[in-house]
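Take this structure first; my questions come after.
Chain naming here is simple, since letters A, B, ... match the order of the sequence lines and numbering starts at 1 in each.
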Protein chains: 2
Amino acid sequence: MAMTESLDPERMACWRAYIEASQRLFTQIEDDLRADSELSFADYHVLVLLSEAPGQRLRMGELAGRLVFSPSRLTYQISSMQKRGLVARESCPDDRRGSEAVLTAAGLLTLREAAPHHLRSARTHLMDDLDDAEVACLTRVFERLGRRLGSDRDASSTPADK
Amino acid sequence: MAMTESLDPERMACWRAYIEASQRLFTQIEDDLRADSELSFADYHVLVLLSEAPGQRLRMGELAGRLVFSPSRLTYQISSMQKRGLVARESCPDDRRGSEAVLTAAGLLTLREAAPHHLRSARTHLMDDLDDAEVACLTRVFERLGRRLGSDRDASSTPADK
DNA sequence: GACGCTCGGTTCAGATTTCAATGTCACCGC
DNA sequence: GCGGTGACATTGAAATCTGAACCGAGCGTC
């Protein structure tokens, strides 16, 4: 049916391809991850962010923002990882309302072990298949998109702490 | 170290940008949809697929395949939509094991009403921001990806056999 | 130094999703 | 025909996610 009043055919096809392929890719990545580690994609992502943070610790809110998680989802996520010993929860010294998640040794180890598998899966499913121009294009598009949607957070100045 | 030979920095940045921006976009699209209709993105997607299918009906399995849903998730999804009167469930004449989802008049109406809003949100959050070269690039990349990831269902190049 | 306000996180109830069975049939070889 | 095998879909229980209500600070005002 033609409800194309709003989106020209090229863009419509693009949108659809993007949605469907991404869905497939995400579930594939998730399955791979679960297959060769005990982690969900969310778990993995948390570990990565913590491992890169100074002191390997992050405030809940900060973490939620970067993961694009609702506050309550993050609470649940961290509790779950805490039970499994991947992270610890500490109350924040500066602000007694807040708490922060801290990477444990076990968490780091788990990440180190999972990373090669995960990265391989990212490569074989997507990245290896892209030529340099495509990589450049995707990077440009999605960084722009991320900035426009994520609004403020860490954005502009950056690269001292990666 | 093995970790760096897995993904060069450009591709790593690309991968990250893609993941994060997509996450943000999907939640944004979902929120928009819920704001101006009573539909989730899954609901909407079901309606679109059914509206395009011959007889506005599809087998459960076929639908699950295209939505990238697990069978049980689809069962739940359709039950939920059935309760709301958007689709009906009929048992398949050819194969008595199977059933098919059929679009109702109310479902079609709901789709017609939701579509403009949804498409506008797709445009404003992403598509309007892309130039033609970017559209072409994304389309090429994601159609390729979709094909590579188990979507030998419908369309493109292989009619008649599957 | 109590009041009203907002903020960071958590909690609880309910909705959704997964995972492992299960039930019903189709299909194949005999 | 008849049993074995496997496909299609559903179910039930457990895991996860969402959204609203909540608690315990910070923060400003008077």
message = At a heavy-atom distance below 4.0 Å, what parts of residues 75-88 of chain A sit against DNA chain C?
response = A:Thr75
message = Can you give me the closest heavy-atom contact between A:Arg11 and B:Met127, atom names plus distance?
response = NH1-O, 3.0 Å
remark   = Rounded to whole Å, CG of A:Leu63 lies from C1' of C:dT10 at a distance of 15 Å
key: Under 3.5 Å: donor-acceptor pair, side chain of B:Arg148, backbone of A:His125   = yes
request  = Verify, without hydrogens or angle tests, whether A:Arg57 (side chain) and A:Glu90 (backbone) share a donor-acceptor contact under 3.5 angstrom.
outcome  = no
request  = Mind running salt bridge (charged side-chain N to carboxylate O under 4.0 Å, His left out) on B:Glu52 and B:Arg66 for me, showing each step along the way?
outcome  = CA-CA 13 Å; B:Glu52 291 172 345; B:Arg66 298 210 204 174; 5.7 Å; no
ask   = Between B:Leu108 and B:Ser51, which heavy-atom pair has the shortest distance, and what is it?
value = CD1-CB, 4.3 Å
task = Over all heavy atoms of both residues, which pair between B:Glu10 and A:Thr139 is shortest? Give the atoms and the distance, please.
result = O-OG1, 4.3 Å
remark   = For B:Gly98 and B:Arg59 the tightest heavy-atom approach is CA-NH2, 3.7 Å
message = Closer than 3.5 angstrom, by distance alone: can the side chain of A:Ser99 be matched with the main-chain N or O of A:Arg89 as a donor-acceptor pair?
response = no
ask   = Angle class for the A:Tyr44/A:Phe41 ring planes (parallel below 30°, perpendicular above 60°, tilted otherwise)?
value = parallel
note = Its 5'-most and 3'-most nucleotides having an atom under 4.0 Å from a non-hydrogen atom of chain B, DNA chain D is contacted over D:dG6 to D:dT11
request  = Please report, rounded to the nearest Å, how far the C1' atom of C:dT10 is from the CZ atom of A:Phe69.
outcome  = 17 Å
request  = Identify, between B:Gly98 and A:Arg34, the residue whose nearest nucleotide on DNA chain D lies closer to the 5' end.
outcome  = B:Gly98
A:Glu30 CD to C:dT17 P, straight-line distance once rounded to whole Å = 14 Å
ask   = In the 5'-to-3' direction, what one-character label does each nucleotide of nucleotides 20-27 of chain C receive under the scheme B = base within less than 4.0 Å of a protein heavy atom, S = sugar-phosphate only, - = no such atom?
value = ----BBS-
task = Test A:Val46 against every option in A:Asp43, A:Leu50, A:Val48 by the side chain to side chain contact (heavy atoms under 4.5 Å, CB included) rule and name the one that passes.
result = A:Leu50
query = So, the side chain of A:Arg123 versus the backbone of B:Leu7: is there a donor-acceptor pair under 3.5 Å, distance only?
reply = no
task = Whole angstrom is fine here: how far is it from CG in A:Asp43 over to P in C:dT18?
result = 15 Å
